[in-house]
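Notes to accompany the following structure.
One-based numbering, in listed order, for ligands and for the atoms of each. Only heavy atoms go into these numbers, but all of them, side chains included; no hydrogens, no water, no symmetry mates. The first residue in the sequence is number 1, and the count goes up from there.
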Amino acid sequence: MTIPVGEPMPIIVQKYGGSSVADAAKISAIARKICDRAETGASLVIVVSAMGDSTDRLIEMARDVSGDRPPEARELDTLLSTGELVTSTLMAMAITAAGHPALSLSGQQAGIRTDTRHGSARIADINADRLKRELDRGRICVVAGFQGLADTEDVTTLGRGGSDTTAVALAVALGAERCEIYTDVDGIYTTDPRLVPSARKLAEIGYEDMLEMASLGAKMNPRSIELAAVYDVPVLVASTFEDVPGTLIHGGPHMMEIRRAVTGIAIDRDVAKITVRAVKDRPGVSSQIFAPLSEAGVSVDVIVQNASQEGLTDVTFTVSKSDFERALDLTRETCSDMARDVVGDSGLAKMSIVGTGMQNGTGYAAAMFGALANAGVNIEMITTSEIRITCVIAASAVTVAANALHRAFELDAVVD
Ligand code: ASP
Ligand code: MG
């Protein structure tokens, strides 16, 4: 390989997710691609996730040996960090075998320092000196994702799906040209292509729109998008094994001219609702209902309070399905002498139209409600932000609703 003298090579950070590195053959195939890429004259930092579902298996084993108590957070983090170490070491060996010098680095060795919140640590600082030194020596660095070291000198993990965050954070610390996320989908679509056959892959999407799409179900860790947006690092999402163009997430110049008001339709099926019926409408009621939930760590999403009749009102709110039973029990307890009853429904979904472009126009809500009405879909709750309109509907209506909205906002048509 010839390295042009005097010109620093661009640094690219690539991340490969768990399904991409699920077995040795896949790791070797990726290693060969990585070597080809290095030959084009790029300094490469590779971030890897644990193989396949090995993180889930480690969690199961931790529970099995811990009996009735939750596994100890410090030990669990060290245990989970080993999943990524398996991949990073194997990948470094595979790259070396494919002909390019490489080495693996744990999060700690890569200089990633975090706070002490085990299981959901935040990156505080990255000292990239070691990485830079290795890159300067012409090596490809393979970093174990999802982990760092706290000031207590204990290993921490960044929360499920945290390797995306590792990759973007390293791209920031290294001043990389861009971060490339390789996965089992080949990009970001206007909506879920399994539900809407005419869904289209987006060539590009802005950070804000992507953030809404990510937190509402499109596959990417929202924390990593937030980080990319703050430091303005372009992120490519592309397929690991198929050689097709992916989606570039960025805030670049041509994003400033918004060509389409609605970028995509996000679908979130993790929705349950709880209704407190005939509760006395007096000051302090909402606080009485929601304070215990917040203390219990239940995050409440959409909240709707009806107009009161004869001093009584209904309050409805949504929670994630995993919090449903707990939230229902808690609310029943709180409201036992305050309301007629508390009922719940866990078969719901959120459909959102997302687009920064909606800030500059009107009529999007009416168009959305009209499209859903024509498709015979009942809207249970509505909420909006500046760049999103969300309707809570029955989970059974998701496919019909997604197709109706995709058509109504002409998302199948290419605009250039
Ligand atoms: N292996 C971790 C998880 O499964 C981190 C990641 O995949 O990004 O959550
Ligand atoms: Mg994983």
Side-chain angles (χ1 to χ4, degrees), residues 13-24 26-27 30 45-63 70-71 73-92 104-110 112 114-115 117-123 126 141-150 154-172 179-185 188 210-211 214-215 217-228 233 235-241 246 249 270 320 322:
V13 177
Q14 297 190 333
K15 180 253 170 179
Y16 293 90
S19 59
S20 301
V21 293
D23 56 44
K26 286 185 171 158
I27 291 177
I30 293 170
V45 173
I46 311 297
V47 175
V48 286
S49 287
M51 294 170 72
D53 58 2
S54 57
T55 306
D56 295 329
R57 277 188 283 118
L58 291 172
I59 293 173
E60 266 167 44
M61 281 194 279
R63 290 199 180 125
R74 174 187 181 276
E75 303 306 334
L76 184 63
D77 266 1
T78 307
L79 175 70
L80 296 190
S81 73
T82 64
E84 270 67 14
L85 291 175
V86 170
T87 324
S88 59
T89 47
L90 289 174
M91 183 64 84
S104 69
L105 295 169
S106 65
Q108 170 184 4
Q109 289 171 317
I112 299 173
T114 73
D115 63 15
R117 265 184 286 180
H118 284 291
S120 57
R122 299 252 153 191
I123 296 176
I126 298 182
C141 297
V142 186
V143 179
F146 168 64
Q147 57 186 269
L149 194 73
D154 286 325
V155 172
T156 52
T157 64
L158 308 181
R160 297 307 306 268
S163 301
D164 288 348
T165 307
T166 303
V168 173
L170 286 176
V172 171
C179 181
E180 301 177 348
I181 306 281
Y182 290 99
T183 166
D184 48 9
V185 297
I188 308 301
M210 183 58 210
L211 206 49
S215 46
K219 267 203 183 175
M220 268 240 32
N221 187 324
R223 245 172 90 187
S224 65
I225 310 288
E226 237 167 85
L227 195 60
V233 181
V235 178
L236 177 79
V237 179
S239 158
T240 307
F241 295 109
I249 308 165
D270 185 16
S320 71
S322 58

Could you pull out all residues at least two apart from Arg74 that satisfy side-chain hydrogen bond (donor to acceptor under 3.5 Å, both in side chains)?
Asp154

With Thr166, which of Leu170, Asp164, Val168 fulfils side chain to side chain contact (heavy atoms under 4.5 Å, CB included)?
Leu170

Chi angles and distances behind the side-chain contact (heavy atoms from CB on, under 4.5 Å) call for Leu158, Thr114:
CA-CA 9 Å; Leu158 308 181; Thr114 73; 4.0 Å; yes

Among Gly18, Gly161, Gly162, Ser49, the residue with a heavy atom nearest to atom 7 (O) of ligand 1 is Ser49

Kindly confirm or rule out an N or O of Ser163 lying under 3.5 angstrom from an N or O of ligand 1.
yes

Would you say Gly83 touches ligand 1, if touching means a heavy atom closer than 4.0 Å?
no

Identify, by atom number and element, the atoms of ligand 1 in contact range of Arg160, meaning under 4.0 Å from any of its heavy atoms.
3 (C), 4 (O), 9 (O)

Run the salt bridge (charged side-chain N to carboxylate O under 4.0 Å, His left out) check on Arg117 and Asp77 step by step: do they pass?
CA-CA 10 Å; Arg117 265 184 286 180; Asp77 266 1; over 6 Å; no

Applying ring pair (Phe, Tyr, Trp, His ring centres under 6.0 Å) to Phe146 and not counting sequence neighbours gives none

With atom 2 (C) of ligand 1 as the reference point, say which of Lys15, Glu84, Met51 has the nearest heavy atom.
Glu84

